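Working notes for the structure below.
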There are 2 protein chains.
Amino acid sequence: MIPNRAFRPAPVTARDKLLEAAVKLVRRQGFAGTSVEQLCGEAGVTKGAFFHHFASKEALGVAAAEYWSASTGAFFAEAPFHHLPDPVDRVLGYIDLRIALIGGPAESFSCVAGTLVQEAFRSSAAIRVAAESSIMGNARALEADLDAAVRQCGIEGTTGASLARHVQAVIQGAFVLAKTQPESGAADLAREQLAHLRRYFVLLFGRDAQEE
Amino acid sequence: MIPNRAFRPAPVTARDKLLEAAVKLVRRQGFAGTSVEQLCGEAGVTKGAFFHHFASKEALGVAAAEYWSASTGAFFAEAPFHHLPDPVDRVLGYIDLRIALIGGPAESFSCVAGTLVQEAFRSSAAIRVAAESSIMGNARALEADLDAAVRQCGIEGTTGASLARHVQAVIQGAFVLAKTQPESGAADLAREQLAHLRRYFVLLFGRDAQEE
DNA sequence: TGTCGCATACCGACCGGTTGGTATGATAAT
DNA sequence: ATTATCATACCAACCGGTCGGTATGCGACA
């Protein structure tokens, strides 16, 4: 759930500018903590434009989760680790990429879907479902590689799908812990969690040497 | 960060009733999504009582994090796993207890400090610090056992403190993932994450058989 | 070619309700 | 008599959302 502004094309329409503003402000202040007027100010549009494109603030939240999902999904789909021949290497390659993407203050690497669902899981079913799609979609993208790795190494007692969910859990947990830190220490604490996840997989898949 | 109402004495003063209401409503709706009037309604007191005991809504947030920290800290400090002779068993005992405490809808087992910090880490330094104390305090309570386990097993490349932080990260991540699910599936998904954490520790500390 | 009909995109003033917070007073214990 | 603990009444600011209106563009048809 990472790519920053630089990875995406600059938004042109009011709708895209609002979605971009939503990503930025929700990561920094949360959803309930961000007003429609603030969103409009950040996007440089008016309230009229906002409610022309979105039926409600909740609808903007849903659209932001989908927008986030689409842009991060595309980013990871293009990543070079997919071309590695060994499935275990592909999994570790994903984790290493996630580690490399963590840097700066927490709001620059944390996840919109995770923030949204933590606030709105009970008050808005639509937002909960959109966040679920985003996070579980990320997990599903790892499932094939993890399944292959599980098969290849003869692992028992778990599945690729379950391990893929755990990857997402550790990432989300890393973001929460990072937010407890002052700006300077946030990224290090988050990376530490991904490093533990990596060690878990190295132990599980019996990979002693490390690459990268 | 678990104990439910049943673990704590019934609140008597208006202050305690407000803190109890804060725990309940923040877990369900988040901090920004909960109004002062709602808090007062849940606690059965008036706004006058609220602002007599707390200088601001933010101050209530800080106090709620501290209240949460104190009650959960006391609960885990009393748990029987501390009497196990082997430090690895104590660590696994903690995880098993956490797994046992997960059940019902997400708002009944998730963490107030994690929810607070996710929303308010940038807008309120006081809340961020209070949440950090809560979460890292939980980690510190595990540090001695994990350090002993690391020493006993001759683990290299990490420390008890780092592993203790990872335990908290997985717990927080489990809660975020749980909130993406409909009520019926939330607890299972959260427990799955703790099971992976347990497997990590079993692999790391070379513990093949399992107890419990 | 011009223009009519209509849809899309957007503006900004405005509305009723809610928000966090305050001022003041009542009650009861010390 | 004083102080701690609340209740009542109230306020200005802000909230999400609405509404009447404008600018632009596009296809149909005379």
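Predicted model, so just to flag it, every value in this text is computed and none were measured. Reckoned from all heavy atoms, side chains included, excluding hydrogens, waters and symmetry mates. Order of the sequence lines sets the chain letters (A, B, ...), proteins ahead of strands, with each chain counted from 1.
- Rounded to whole Å, the distance from CD on Q38(A) to C1' on dA13(D) is 15 Å.
- S124(A) pairs by the side chain to side chain donor-acceptor pair (under 3.5 Å) definition with E58(A), not counting sequence neighbours.
- Residues satisfying the side chain to side chain donor-acceptor pair (under 3.5 Å) criterion with E119(A), sequence neighbours excluded, are absent altogether.
- Within the cation-pi definition used here (under 6.0 Å to the ring centroid, within 45° of the axis), K57(A) does not qualify as a partner of F50(A).
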Dump every N/O contact between nucleotides 28-30 of chain C and the protein below 3.5 Å, one line per pair.
none

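- Proximity of residues 120-130 of chain A to DNA chain D (heavy atom under 4.0 angstrom from any strand atom) is not detected for any residue.
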I'd like a table of atom pairs between the protein and nucleotides 16-20 of chain D - only N or O on both sides, under 3.5 Å - with the distance next to each one.
residue: dG16(D); atom: OP1; partner: K57(A); partner atom: NZ; Å: 3.1
residue: dG16(D); atom: OP2; partner: V36(A); partner atom: N; Å: 2.8
residue: dG16(D); atom: N7; partner: K47(A); partner atom: NZ; Å: 2.9
residue: dG16(D); atom: O6; partner: K47(A); partner atom: NZ; Å: 3.3
residue: dG17(D); atom: OP2; partner: K57(A); partner atom: N; Å: 2.8
residue: dG17(D); atom: N7; partner: K47(A); partner atom: NZ; Å: 3.2
residue: dG17(D); atom: O6; partner: K47(A); partner atom: NZ; Å: 2.5

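- Residues forming a side chain to side chain donor-acceptor pair (under 3.5 Å) with R128(A) (at least two apart in sequence, or on another chain): none.
- Taking E66(B) as the reference, V62(B) meet the side chain to side chain contact (heavy atoms under 4.5 Å, CB included) condition, with sequence neighbours excluded.
- With sequence neighbours left out, R191(B) forms a salt bridge (charged side-chain N to carboxylate O under 4.0 Å, His left out) with D188(B).
- Without hydrogens or angle criteria, R122(A) side chain to Q29(B) main chain gives no donor-acceptor distance under 3.5 Å.
- Comparing the start and finish of the helix from dT1(C)-dA30(D) to dT30(C)-dA1(D), five pairs each, the helix axis swings through 10°, to the nearest 10 degrees.
- In terms of the side chain to side chain contact (heavy atoms under 4.5 Å, CB included) criterion, residue partners of S69(B) (sequence neighbours excluded) are, by chain and number, S134(B).
- Note: NZ (K17(A)) to C1' (dC10(C)) measures 11 Å, nearest angstrom.
- Under 4.0 angstrom from either OP1 or OP2 of dC10(C) there lies at least one side-chain N or O belonging to H53(A).
- For T34(B) and K24(B), the side-chain atoms include no donor-acceptor pair closer than 3.5 Å.
- Listed pair H52(A) / dC10(C) fails the phosphate criterion, with no side-chain N or O lying under 4.0 Å from OP1 or OP2.
- Side chain of H166(A) to backbone of A195(B): no donor-acceptor contact under 3.5 angstrom is found.
- Side-chain N/O atoms of R98(B) and Y94(B) include a donor and acceptor closer than 3.5 Å.
- For Q181(B), there are no side chain to side chain donor-acceptor pair (under 3.5 Å) partners, not counting sequence neighbours.
- Applying the side chain to side chain contact (heavy atoms under 4.5 Å, CB included) rule to E192(B) yields the partners S162(A), R165(A), L189(B), H196(B); only residues at least two apart in sequence or on another chain are considered.
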